[in-house]
Amino acid sequence: MTEDDRKFMARAIQLAEQTSLIESAGGAFGAVIVQDGNIIGEGANRVVAENDPTWHGEMEAIRNACKATNSFKLRDATLYTSAEPCPMCMAAAYWAGIKNIFYASTNEDAFEYGDFDDSLIYEEIKKPSAQRAIPSVQIMRDEAVEVWKKYQNKPDRVPY
């Protein structure tokens, strides 16, 4: 751990404290995205304030970093987050192409001190879709695949 790592993690923890204890906007989750030694995006949990279950600190930091860099990929970026990312935030980090993740508290800490329990989601993801608690039924595949075929042949398609 470097002094920069400590500085960036301290900022993530500060954002967690601000959003949870001062603003009462959501849980104690804050995050920063760093690229080339500079913070390019920050975020804090605002699930309660915004009535948005996706407004996690990591998600906001990723959105802000992508806007700042004018790119949906954050290659060579590092995520510093006050807590171990939930499944949604971890997936977003992968989709954004984040290179490294540093986290402070664990999922167990979030459960013990804040009653945040993602264990159901972790278990559900492992199951085939037909066995999950939220029923998933496939319909109109042919129609959807027609759009995919058009997308596949779109000459100005942006590669992911």
Side-chain angles (χ1 to χ4, degrees), residues 1-126 147-160:
M1 178 175 52
T2 68
E3 277 306 308
D4 279 347
D5 292 332
R6 293 183 66 77
K7 175 179 76 173
F8 297 133
M9 185 59 77
R11 177 62 181 150
I13 293 169
Q14 181 184 31
L15 290 165
E17 184 174 32
Q18 176 74 29
T19 200
S20 65
L21 300 180
I22 297 168
E23 297 172 2
S24 297
F29 304 101
V32 298
I33 308 272
V34 174
Q35 195 172 56
D36 298 324
N38 297 305
I39 294 176
I40 58 169
E42 294 187 339
N45 186 291
R46 296 190 54 81
V47 167
V48 173
E50 305 298 333
N51 292 314
D52 181 348
T54 68
W55 204 306
H56 291 197
E58 298 94 335
M59 299 293 285
E60 183 179 31
I62 289 168
R63 286 183 191 120
N64 289 336
C66 287
K67 285 179 186 174
T69 61
N70 198 32
S71 175
F72 58 86
K73 288 292 183 184
L74 299 171
R75 288 173 175 66
D76 298 322
T78 299
L79 167 63
Y80 292 85
T81 178
S82 65
E84 191 173 357
C86 74
M88 175 181 67
C89 294
M90 184 60 80
Y94 276 95
W95 283 325
I98 288 175
K99 184 178 179 179
N100 298 302
I101 298 173
F102 289 89
Y103 64 93
S105 62
T106 65
N107 288 331
E108 291 78 14
D109 296 327
F111 178 68
E112 181 176 348
Y113 302 110
D115 297 320
F116 289 91
D117 185 4
D118 296 334
S119 62
L120 172 67
I121 298 169
Y122 285 109
E123 291 304 314
E124 288 290 299
I125 289 172
K126 295 177 190 176
V147 175
W148 276 112
K149 288 177 182 176
K150 292 174 186 173
Y151 177 77
Q152 180 184 36
N153 297 317
K154 189 176 185 314
D156 61 342
R157 171 175 81 161
V158 176
Y160 281 71

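Note that these values count all heavy atoms, side chains included, but never hydrogens, waters or copies made by symmetry.
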What do you reckon, is [atom1] of [X] surrounded by more than 12 foreign heavy atoms closer than 6.0 Å?
{"X": "Tyr151", "atom1": "OH", "value": "yes"}
{"X": "Tyr122", "atom1": "OH", "value": "yes"}
{"X": "Asn153", "atom1": "CG", "value": "yes"}
{"X": "Lys73", "atom1": "NZ", "value": "yes"}
{"X": "Gln35", "atom1": "CD", "value": "yes"}
{"X": "Phe72", "atom1": "CZ", "value": "yes"}

Is any side-chain heavy atom of [X] less than 4.5 Å from a side-chain heavy atom of [Y]?
{"X": "Leu74", "Y": "Thr69", "answer": "yes"}
{"X": "Glu84", "Y": "Ser105", "answer": "no"}
{"X": "Phe116", "Y": "Asn107", "answer": "no"}
{"X": "Pro87", "Y": "Asp118", "answer": "yes"}
{"X": "Val32", "Y": "Thr78", "answer": "no"}
{"X": "Asp52", "Y": "Val47", "answer": "no"}
{"X": "Cys86", "Y": "Ile121", "answer": "no"}
{"X": "Met1", "Y": "Met9", "answer": "no"}

Carboxylate-amine/guanidinium contact Asp156 Lys154, below 4.0 Å:
yes
Can we say Lys126 and Glu123 salt-bridge, meaning some charged N sits less than 4.0 Å from an Asp/Glu carboxylate O? yes
Heavy-atom pair with the smallest gap, counting every atom of [X] and [Y]:
{"X": "Leu79", "Y": "Ala31", "value": "CD1-CB, 3.9 Å"}
{"X": "Ala93", "Y": "Ile101", "value": "CB-CD1, 4.0 Å"}
{"X": "Ile13", "Y": "Ala104", "value": "CD1-CB, 4.2 Å"}

Using the rule given for side chain to side chain contact (heavy atoms under 4.5 Å, CB included), can you reason through Lys99 versus Arg75, listing the C-alpha separation, both sets of side-chain angles and the distance that settles it, and then say yes or no? CA-CA 6 Å; Lys99 184 178 179 179; Arg75 288 173 175 66; over 6 Å; no
Quick one: pull up [atom1] in [X] and [atom2] in [Y] and give me the separation to the nearest 0.5 Å.
{"X": "Lys67", "Y": "Ile62", "atom1": "NZ", "atom2": "CD1", "result": "13.0 Å"}
{"X": "Ser20", "Y": "Arg46", "atom1": "OG", "atom2": "CZ", "result": "12.0 Å"}
{"X": "Phe8", "Y": "Ile39", "atom1": "CZ", "atom2": "CD1", "result": "5.5 Å"}
{"X": "Thr54", "Y": "Met59", "atom1": "OG1", "atom2": "CE", "result": "5.5 Å"}

Taking [Y]'s backbone N and O only, do any of them form a donor-acceptor pair with [X]'s side chain (distance below 3.5 Å, no angle check)?
{"X": "Glu42", "Y": "Ala12", "answer": "no"}
{"X": "Thr19", "Y": "Asn45", "answer": "yes"}
{"X": "Glu58", "Y": "Cys89", "answer": "no"}

query = Going by distance alone, is a donor N or O of one side chain under 3.5 Å from an acceptor N or O of the other, for Asp117 and Ser119?
reply = yes
Quick one: is the NZ or CZ of Arg11 closer than 6.0 Å to the six-membered ring centre of Tyr80, and within 45° of its axis? no
- Item | Verdict with supporting geometry, Trp55 and Glu60, side chain to side chain contact (heavy atoms under 4.5 Å, CB included) | CA-CA 7 Å; Trp55 204 306; Glu60 183 179 31; 3.5 Å; yes
